[in-house]
Amino acid sequence: SQQGEEDPQALSIQEGENATMNCSYKTSINNLQWYRQNSGRGLVHLILIRSNEREKHSGRLRVTLDTSKKSSSLLITASRAADTASYFCATAATGGFKTIFGAGTRLFVKA
Amino acid sequence: DTEVTQTPKHLVMGMTNKKSLKCEQHMGHRAMYWYKQKAKKPPELMFVYSYEKLSINESVPSRFSPECPNSSLLNLHLHALQPEDSALYLCASSQESLARGSNTGELFFGEGSRLTVL
């Protein structure tokens with residue numbers, strides 16, 4: 001079953017602009033992660049934020065987590081054509097191995 | 001070595017065939033996963049192994065049979081599949097937390113095996 005919903009489903013921006021993707025989830029979580037997937041390839045882990053954290057940065061990525069609203073956002077700053085990919089949030093409940101993925105946002109960055 | 005290797009990359013099989021997908025990792029991870037992904041959909045969890053024991057089976061049909069022969073290898077045996085089983089099958093691994101029984105978060109994925117059932 002699918003844990004998270006993401007919006008927008010698709011996002012098209014120009015190179016240099018910022019891209020923001022949102023994720024909502026339904027149950028209590030231990031952590032929330034964001035992954036990237038190039039077309040037809042495996043997923044690559046981008047960043048993990050724990051339930052007791054509110055914001056985290058990694059290079060051009062900024063992730064926020066609001067556990068009261070059960071939502072997270074991923075901001076990619078100064079986007080590049082190479083950022084074109086699908087981005088998924090994934091949640092892991094406390095105690096266990098069940099990592100469940102949201103529906104994903106397809107990002108298109110035009111050069 | 002931070003790679004998860006999946007073979008074959010592509011597989012075409014008939015509904016009466018028996019085939020296997022293979023996954024290998026040498027990161028010392030003790031949790032390994034199979035996910036199924038249809039086009040333009042998120043990965044769906046199928047199975048999780050922890051310390052070579054099946055920990056999670058997400059009500060997957062018995063025509064999919066997982067096997068974990070050792071801590072580095074994970075197989076998915078396929079038999080009597082249906083055309084709707086055509087998908088990208090992704091293997092992943094993760095470290096287990098110090099408390100055991102759960103992962104530390106990050107999953108390392110292979111590139112997937114694209115399966116077509118005719």
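In the text below, chain A, chain B and the rest are named by the order of the sequence lines, each starting its count at 1.
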Checklist entry - Using non-hydrogen atoms only, which part of B:Gln6 is less than 4.5 Å away from chain A: side chain, backbone, both, or neither? => result neither
Item to check | Proximity breakdown for B:Glu111 and chain A, heavy-atom pairs closer than 4.5 Å | outcome: both
Taking all atoms of both residues into account, what is the closest heavy-atom pair of [X] and [Y], and its distance?
X       : Y        : answer
B:Pro42 : A:Gly102 : CB-O, 2.9 Å
B:Leu90 : A:Gln37  : CD1-NE2, 4.4 Å
B:Glu58 : A:Lys98  : OE2-NZ, 3.0 Å

Return yes when atom [atom1] of [X] has more than 12 non-hydrogen atoms of other residues, nucleotides or ligands closer than 6.0 Å, and no otherwise.
X       : atom1 : answer
A:Gln9  : CD    : no
B:Lys41 : NZ    : no
B:Arg63 : CZ    : yes
A:Arg41 : CZ    : no

Item to check | Residue, of A:Ala90, A:Gly40, A:Ser39, that accumulates the most heavy atom pairs under 4.5 Å with chain B | outcome: A:Gly40
Checklist entry - Should A:Leu43 and B:Tyr35 count as side-chain neighbours, where that means a heavy-atom distance under 4.5 Å? => result no
Item to check | Any A:Tyr35 side-chain heavy atom under 4.5 Å of B:Pro43 side chain | outcome: no
Item to check | Residues of residues 58-67 of chain A near chain B, each having a heavy atom less than 4.5 Å away | outcome: none
Is there a path of hydrophobic side-chain contacts, each under 4.5 Å between heavy atoms, that joins [X] and [Y]?
X        : Y       : result
B:Phe47  : B:Ile56 : no
B:Val117 : B:Phe64 : yes
B:Trp34  : B:Met27 : no
B:Met32  : B:Leu54 : yes
B:Leu81  : B:Leu88 : no

Checklist entry - Which distance, rounded to the nearest 0.5 Å, do you find between the CZ of A:Phe101 and the CG of B:Leu107? => result 5.5 Å
Checklist outcome for this item: Taken to the nearest 0.5 Å, the spacing of B:Phe109 CZ from A:His45 NE2 works out to 10.0 Å
Checklist entry - For A:Thr99, does its backbone N or O pair with a side-chain atom of B:Tyr33 as donor and acceptor, under 3.5 Å? => result no
Residues 10-24 of chain B side chain polar contacts: donor-acceptor under 3.5 Å, at least two apart:
{"from": "B:Asn17", "atom 1": "OD1", "to": "B:Gly14", "atom 2": "N", "distance (Å)": "2.7"}
{"from": "B:Ser20", "atom 1": "OG", "to": "B:His77", "atom 2": "ND1", "distance (Å)": "2.6"}
{"from": "B:Glu24", "atom 1": "OE2", "to": "B:His26", "atom 2": "NE2", "distance (Å)": "2.8"}

